[in-house]
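Let me begin by presenting the structure, written as structure tokens, before commenting on it.
In what follows, chains are A, B, ... by sequence order, proteins preceding strands, each numbered from 1.
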Amino acid sequence: MARKHWLMKSEEDEYSIDHLQSDGTTRWVGVRNYEARNLMRDEMSPGDRILYYHSNAKPSGVAGIAEVASESYPDPTQFDPDSRYHDPKASKEEPRWFLVDVRFVERFPRVVPLSEIKADEGLSEMVLVKRMRLSVQPVRKAEFEKVREMAEQGD
DNA sequence: GCCAACGTTGGC
DNA sequence: GCCAACGTTGGC
């Protein structure tokens, strides 16, 4: 099956690509949006490529590439009363929230800012541009490659 | 820090 | 099942 492409957002202060690089692989805990969950649970496969996006950053933008490193499985933080991601309505018999592991692949030589992505005609259909507030989203292969080229080109 | 967008919750 | 209230995301 063909490899798919995604974009995943992380607050730079919270978990930046540098942090992912030093960890190597991480569990993508804390997604509490059903659409994002469904994508991780049903659509992602190991080896799929991910544009790693820094939100709440200066500037916000795509900072590098990661890859899906596991099949989906229940997010363990939903069961943990001490976690900020605890969900009292979830149980181990009926988990609500799923995640995948994410592995570092590369850090771009520069962040591709959202403003440049918005300004690029070829990227006007990106989910990132058209919809707010979706932290896991599909990306077309051509969009993925274009953003990577923009990172290499400098500004 | 402001605030618009928008997903979720809960009363009815 | 509607929809107002509420909470969160995330750009700026």
> Does one hydrophobic cluster hold both A/V136 and A/L128, with members joined at side-chain heavy-atom distances below 4.5 Å?
Replying inline: no
> Taking it one step at a time, do A/D48 and A/W6 satisfy side chain to side chain donor-acceptor pair (under 3.5 Å)?
Replying inline: CA-CA 8 Å; A/D48 286 358; A/W6 309 97; 3.0 Å; yes
>> In the structure I gave you, are the side-chain heavy atoms of A/E94 and A/S91 within less than 4.5 Å of one another anywhere?
In response: yes
>> Walk me through whether A/Y85 and A/D80 qualify under side chain to side chain donor-acceptor pair (under 3.5 Å).
In response: CA-CA 8 Å; A/Y85 300 124; A/D80 177 0; over 6 Å; no
> Per the salt bridge (charged side-chain N to carboxylate O under 4.0 Å, His left out) rule, which among A/E67, A/E143, A/E106 passes with A/R49?
Replying inline: A/E67
> For the hydrophobic clusters of this structure (ILVMFWY residues joined by side-chain heavy atoms under 4.5 Å, transitively), does one cluster hold both A/L39 and A/F144?
Replying inline: no
> Between A/Y53 and A/V111, is there a shared hydrophobic cluster once you connect ILVMFWY residues whose side-chain heavy atoms come closer than 4.5 Å?
Replying inline: no
>> If you take any heavy atom closer than 4.0 Å to DNA chain C, which residues from residues 52-60 of chain A end up in contact?
In response: A/Y53, A/S55, A/N56, A/S60
>> Which residue is it: A/V102, A/D75, A/V100? I am looking for the one with a side-chain contact (heavy atoms from CB on, under 4.5 Å) to A/M40.
In response: A/V100
>> Side chains of A/W28 and A/D101 only: does a donor on one sit below 3.5 Å from an acceptor on the other?
In response: no
>> Across nucleotides 5-12 of chain B, 5' to 3', mark each nucleotide with B, S or - according to how protein heavy atoms within less than 4.0 Å reach it.
In response: BBSS-S--
Return the polar atom pairs (N/O with N/O) between nucleotides 1-4 of chain C and the protein under 3.5 Å, or none.
none

>> In this structure, would A/Y15 and A/V31 fall into the same cluster of hydrophobic residues linked by side-chain contacts under 4.5 Å?
In response: yes
